[in-house]
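See below for the structure under consideration.
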Amino acid sequence: MKFSVMISEGPYTHQASDTAYNFTKAALEDGHECFRIFFYHDGVNNGTRLASPPQDDRNIVNRWSALAKEHKLDLVLCVAAAQRRGIADADEAKRNGKNADNIAPGFRISGLGQLIEAGIQSDRLITFGD
Amino acid sequence: MSETKKFLYVNRKAPYGTIYALEALEVVLIGAAFEQDVSLAFLDDGVYQITKGQDTKDLGMKNFSPTYKALGDYDVNKIYVEQESLDARGLTLDDLLPLTWEDEDDDWAEKDSIKVISATEMAKIMEQSDVVFSF
Amino acid sequence: MSQLHTVNKSPLERNALESAITHAVKGNALLMIEDGVYGAMQGTHKSAMVSDAMSDIAFYVMGPDLKARGIDEARIIDGIKIVDYSGFVALVAEYDVTQSWL
């Protein structure tokens with residue numbers, strides 16, 4: 001079965017990203033397909049490579065990057081939400097006149113249409129948020 | 001896209017205190033271009049999103065409530081508001097923005113987009129949806 | 001369409017569980033996750049609301065979330081099934097649509 005996931009909260013403050021990760025990992029292990037993981041609202045904060053959690057805590061951003069690499073996941077940060085919150089790739093940084101980008105490996109920035117498309121193309125869409 | 005799905009956007013949160021209402025509306029506006037069968041549900045504190053008289057000047061925030069009036073132009077005209085949620089908040093239909101659309105199959109007659117329905121009817125709308133977006 | 005409702009809030013803080021139960025129809029399932037698992041406990045002011053809805057709705061609760069919060073399985077309302085993440089995935093697959101009561 002083809003799943004897509006929407007994540008509406010950033011890492012650490014809410015459990016949403018942890019639950020979404022554990023859910024996605026289990027779905028992939030059980031042989032399901034993951035069409036897209038779409039990060040919206042503060043969820044875009046899951047995609048900054050500048051996060052540096054303490055050694056004894058889980059690294060939520062790196063965990064997503066690793067899962068994406070292993071399973072060729074499509075991790076999409078909403079562009080409008082990302083711009084508001086200061087998450088940028090090289091193109092976005094240049095377009096907005098910023099001197100740095102901070103997107104983590106395995107993530108890409110795109111429009112809200114990607115969420116709608118996930119809803120159309122997937123058998124199931126599940127939202128994790130607050 | 002060959003298939004048409006029934007999309008339901010569920011709004012249960014009040015505006016301004018959090019960003020969910022505004023960013024949900026942004027999804028609805030983008031989603032309108034995908035020609036799916038779209039419905040909006042306003043229940044619980046979500047009914048506060050479409051009340052009249054919002055003025056955010058003193059907050060320094062954008063008042064996005066006028067944007068709901070544009071939904072009709074995007075062919076988003078099935079807006080379900082739950083009666084029990086209005087009642088619980090001492091609100092009536094008169095407290096809500098007049099949301100309308102023009103029916104091109106009926107000589108562009110202006111029609112109301114809002115339908116006030118019971119929780120039981122809302123449950124049916126939810127059950128008939130193919131995709132539910134929760135904000 | 002059959003529906004799976006997920007609830008991630010304590011019913012003593014927010015109305016998500018109550019609203020989900022109100023809008024679930026016969027044959028639907030409801031899964032409590034994250035802080036939603038407090039809704040599965042016996043002896044709270046919200047326990048009766050869950051028990052009363054059991055004739056129409058199948059209730060599930062996330063085991064890992066119970067464990068994290070130190071909630072002994074013996075204190076769970078009779079009839080609520082405990083699942084792990086794989087069980088969560090199976091529920092999402094089994095029901096046509098998942099609705100998150102955020």
Side-chain angles (χ1 to χ4, degrees), chain B residues 3-15 17-25 27-28 36-49 80-89 91 115-135, chain C residues 1-39 45-46 48-50 52-60 62 65 88-102:
Chain B
E3 55 177 332
T4 302
K5 286 188 172 181
K6 283 188 178 175
F7 274 33
L8 179 67
Y9 296 92
V10 177
N11 299 286
R12 294 182 53 245
K13 291 175 182 162
T18 57
I19 200 171
Y20 304 107
L22 168 60
E23 289 191 329
L25 185 57
V27 177
V28 174
Q36 302 296 305
D37 180 356
V38 173
S39 299
L40 267 62
F42 291 92
L43 62 153
D44 296 330
D45 278 354
V47 300
Y48 289 129
Q49 292 181 24
Y80 299 102
V81 178
E82 189 170 291
Q83 183 73 60
E84 285 86 338
S85 300
L86 292 176
D87 292 346
R89 288 157 184 80
L91 300 174
K115 286 188 190 69
V116 178
I117 61 173
S118 69
T120 309
E121 290 168 310
M122 186 64 88
K124 281 187 198 138
I125 300 283
M126 289 172 173
E127 226 221 347
Q128 286 160 6
S129 303
D130 297 313
V131 185
V132 177
F133 291 94
S134 309
F135 295 99
Chain C
M1 314 295 285
S2 62
Q3 264 195 313
L4 170 69
H5 304 267
T6 65
V7 172
N8 71 336
K9 302 293 183 334
S10 162
L12 298 146
E13 189 204 1
R14 308 238 207 137
N15 79 335
L17 178 62
E18 187 177 354
S19 203
I21 288 173
T22 302
H23 295 91
V25 302
K26 202 174 172 64
N28 283 182
L30 190 152
L31 171 65
M32 300 168 184
I33 66 172
E34 302 175 355
D35 286 349
V37 301
Y38 293 114
H45 287 183
K46 300 291 176 182
M49 178 177 78
V50 174
D52 292 348
M54 276 189 172
S55 50
D56 287 342
I57 308 165
F59 282 86
Y60 298 87
M62 279 299 285
D65 282 318
F88 186 173
V89 172
L91 284 171
V92 172
E94 180 183 345
Y95 290 85
D96 296 318
V97 181
T98 300
Q99 178 169 356
S100 308
W101 291 82
L102 303 175

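Reminder, nothing fancy here: chain letters follow the sequence lines and each chain counts from 1. All values reported here derive from a predicted model rather than from experimental measurement.
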* To do: Output, in order, the C-alpha distance, side-chain angles, deciding distance and verdict of side chain to side chain contact (heavy atoms under 4.5 Å, CB included) for C:Arg14 and B:Arg12.
  => CA-CA 12 Å; C:Arg14 308 238 207 137; B:Arg12 294 182 53 245; over 6 Å; no
* **Stepwise side chain to side chain contact (heavy atoms under 4.5 Å, CB included) test for C:Met1 and B:Ser129** => CA-CA 7 Å; C:Met1 314 295 285; B:Ser129 303; over 6 Å; no
* Decide side chain to side chain contact (heavy atoms under 4.5 Å, CB included) for B:Glu84 and C:Thr22; before the verdict, give the C-alpha distance in whole Å, the side-chain angles of both, and the deciding distance to 0.1 Å. => CA-CA 11 Å; B:Glu84 285 86 338; C:Thr22 302; over 6 Å; no
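Atom CZ in B:Phe133 sits 11.5 Å away from atom OG in C:Ser100 (nearest 0.5 Å). How far CG of C:Asn15 is from CG of B:Asp45: 7.5 Å, rounded to the nearest 0.5 Å. With values rounded to the nearest 0.5 angstrom, B:Met126 atom CE is found 4.5 Å from C:Gln99 atom CD.
Looking at B:Gln128, only its backbone comes within 4.5 Å of chain C, counting heavy atoms on both sides. Contacts of B:Leu8 with chain C are absent, with no heavy-atom separation under 4.5 Å from either backbone or side chain. If you measure heavy-atom distances from B:Asp130 to chain C, the contacts under 4.5 Å come from both the backbone and the side chain. For B:Ser85, no part lies under 4.5 angstrom from a heavy atom of chain C. At a 4.5 Å heavy-atom cutoff, the contact between B:Lys13 and chain C is made by side-chain atoms alone.
Annotation for B:Ala123 and C:Val25: closest pair CB-CG1, 3.8 Å, computed over non-hydrogen atoms. In terms of heavy atoms, C:Leu102 sits closest to B:Ser134 at CD1-O, 3.6 Å. The two residues C:Val97 and B:Val132 come nearest to each other via the heavy atoms CG1-CG2, 3.7 Å.
With C:His23 as the fixed residue, the side-chain contact (heavy atoms from CB on, under 4.5 Å) test singles out one of B:Glu127, B:Lys124, B:Met122: B:Met122.
Environment of NZ in B:Lys5: crowded, with over 12 heavy atoms of neighbouring residues, nucleotides or ligands closer than 6.0 Å.
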